[in-house]
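Note on naming: letters A, B, ... go to the chains in the order of the sequence lines (proteins, then strands), and numbering restarts at 1 for each one.
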Protein chains: 2
Amino acid sequence: MITLTEENYIKAIYHLSKHGKEMVSTNALAEAMSTKASSATDMVKKLAEKNYVDYKKYQGAILTESGSTIAINVIRKHRLWEVFLVDKLHFSWDEVHELAEQLEHIKSQKLIDKLDAFLGHPTHDPHGDPIPDKHGDFTFIDKITLAQAQINATYKCVGVNDSSSEFLQYLNNNKIELGTKIEVLHKEAFDSSIKIKVNELEMVVSNSVAQNLYIQKT
Amino acid sequence: MITLTEENYIKAIYHLSKHGKEMVSTNALAEAMSTKASSATDMVKKLAEKNYVDYKKYQGAILTESGSTIAINVIRKHRLWEVFLVDKLHFSWDEVHELAEQLEHIKSQKLIDKLDAFLGHPTHDPHGDPIPDKHGDFTFIDKITLAQAQINATYKCVGVNDSSSEFLQYLNNNKIELGTKIEVLHKEAFDSSIKIKVNELEMVVSNSVAQNLYIQKT
DNA sequence: ATAAATTTTTAGATTAGTCTAAAAATTTAT
DNA sequence: ATAAATTTTTAGACTAATCTAAAAATTTAT
Ligand SMILES: [Mn+2]
Ligand SMILES: [Mn+2]
Ligand SMILES: [Mn+2]
Ligand SMILES: [Mn+2]
């Protein structure tokens, strides 16, 4: 039996290792889990004991095949629940992450299969993140950040890198959502801010906003 | 902050005390929670500390106003989730209880309000149990057990006392569900078994079945 | 190549929830 | 009314997850 806390650590390791390829330091893990390094070390030892990670003292941890499967399943549940909350219960995209953090731990394969079908087998969550299918396969879409955009080209918004409610509410206030058309007008050399045209309106976004907004050529 | 375990104990106390009116012994509580009396005693002390129950040594515990509010809210969530699982995800009524045991602990008032609206403000769950509204008020329906039925009268099934999957599957096998018409033909004096007519078919049910099936005059 | 700074691990405590075994209180039976 | 049986509480121990403080290993700077 796997505990809720173990699932959360495994998910954090997955994200920090960029889809399970790099070793994750206990310090980075502690930071991500808002806990102390000593706690992360203890947990990593336990996860190694249970064969969810390979762990070498002072080198960090990396998910095993079985750990990776668990991580992907938790992520699948998280994102499906987010779709449910937005599409069916009409929550706004900035409200669902914390709720999905709770719902992702509900244990029932049948529930998640039925939820998936009820939602029409969605491939992406409300933030544009891909939803792994029941075999754990993702459909990645070809995207860049607004910071990497070409001047005078036209794009549409396809996702966010930061899905904190602060950032999402900033986008709400500026009427930017998934699918919104963005024309790139100018890039300021001094601070890397970018002038764009959205919904017939010109505006300037900071580099930090541009780094967190994913776009795709139309 | 209330823990998941505390919520489960509070809910058990609520049910054992018949809607919060009688004192509950630590032994009965331990039995209901599938744990030991010593654990129940410890928990009851903690709940008393937090003012969710009044507890007198050797006498048992009874919910306070605030404990009762928590119990009713957990029950509301449990039953709304059961409706969701049956009505929207097409689970069978014998599969949903265990899942609802997990879902009832998701913390978000807004979620439960929206779920309630999404389901059309249902008043009863898939087992015929009343769903408290957001103020904690139940709409009790007037029901008796099949064991209390009059001979030669006609009733409809409106609920179950035992919602274990074993009992519900017995009902499934005999095509008895909420709303099913039941004609009472004969009561056997020897073992209190009852001969009924359901779906044009005569059958005999044991007293233990009759005690667990709620019916209402048509 | 040492020394200093940083990262990581270990040691020892703490809290929630559980258990077993034993003591205390209450209830039931004679 | 006393003894026996039952119920309930207490004492002490265990596991999971966390923390602080200190020790050990690694990395960076001189
Ligand atoms: Mn999320
Ligand atoms: Mn998301
Ligand atoms: Mn139930
Ligand atoms: Mn029910």
Whole Å only: how far is the [atom1] atom of [X] from the [atom2] atom of [N]?
X	N	atom1	atom2	answer
B/Asn27	C/dA25	CG	C1'	13 Å
A/Asn8	D/dT18	CG	P	9 Å
B/Lys56	C/dA24	NZ	P	23 Å
B/Asp42	D/dA11	CG	C1'	10 Å
B/Gln59	C/dT26	CD	C1'	10 Å
B/Met33	C/dA16	CE	P	17 Å
B/Glu49	C/dT15	CD	P	13 Å
B/Tyr9	C/dA16	OH	P	14 Å

From D/dA16, C/dT8, C/dT18, nucleotide with atom closest to A/Thr3 side chain: D/dA16
Candidate nucleotides C/dT10, D/dT18, D/dT8, ranked by approach to the side chain of A/Lys57 - the nearest: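 So the side chain of A/Lys57 is nearest to C/dT10.
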Return no unless some side-chain N or O of [X] is found under 4.0 Å from OP1 or OP2 of [N].
X	N	value
B/Lys36	C/dT20	yes
B/Ser38	C/dT20	no
B/Tyr58	D/dT6	no
B/Ser39	C/dC19	yes
A/Lys45	C/dT9	no
A/Thr26	C/dT9	yes
B/Tyr55	D/dT8	no

Base-pairing assignment for D/dG12 (Watson-Crick or G-U wobble, both under 3.5 Å): C/dC19
D/dA4 - base-pair partner by Watson-Crick or wobble geometry, distances under 3.5 Å: C/dT27
Can we call the ring centroids of [X] and [Y] under 6.0 Å apart?
X	Y	value
B/Phe140	B/His19	yes
A/His127	A/His97	no
B/Tyr214	B/Tyr155	no

Whichever of A/Met43 and B/Ala28 has its nearest DNA chain D nucleotide further upstream toward 5':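 Taking each residue's closest nucleotide, the earlier one in sequence belongs to B/Ala28.
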Under-4.0 Å salt bridge between B/Lys114 and A/Glu95: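 Not counted as a salt bridge, because no side-chain N and carboxylate O are separated by less than 4.0 Å.
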Spacing of CG belonging to B/Leu168 relative to OG belonging to B/Ser164, to within rounding of 0.5 Å: 6.0 Å
Main-chain N/O of A/Lys107 paired to B/Gln102 side chain as donor or acceptor, under 3.5 Å: yes
Touch class at under 4.0 angstrom, heavy-atom based, for A/Thr41 against every strand present: base
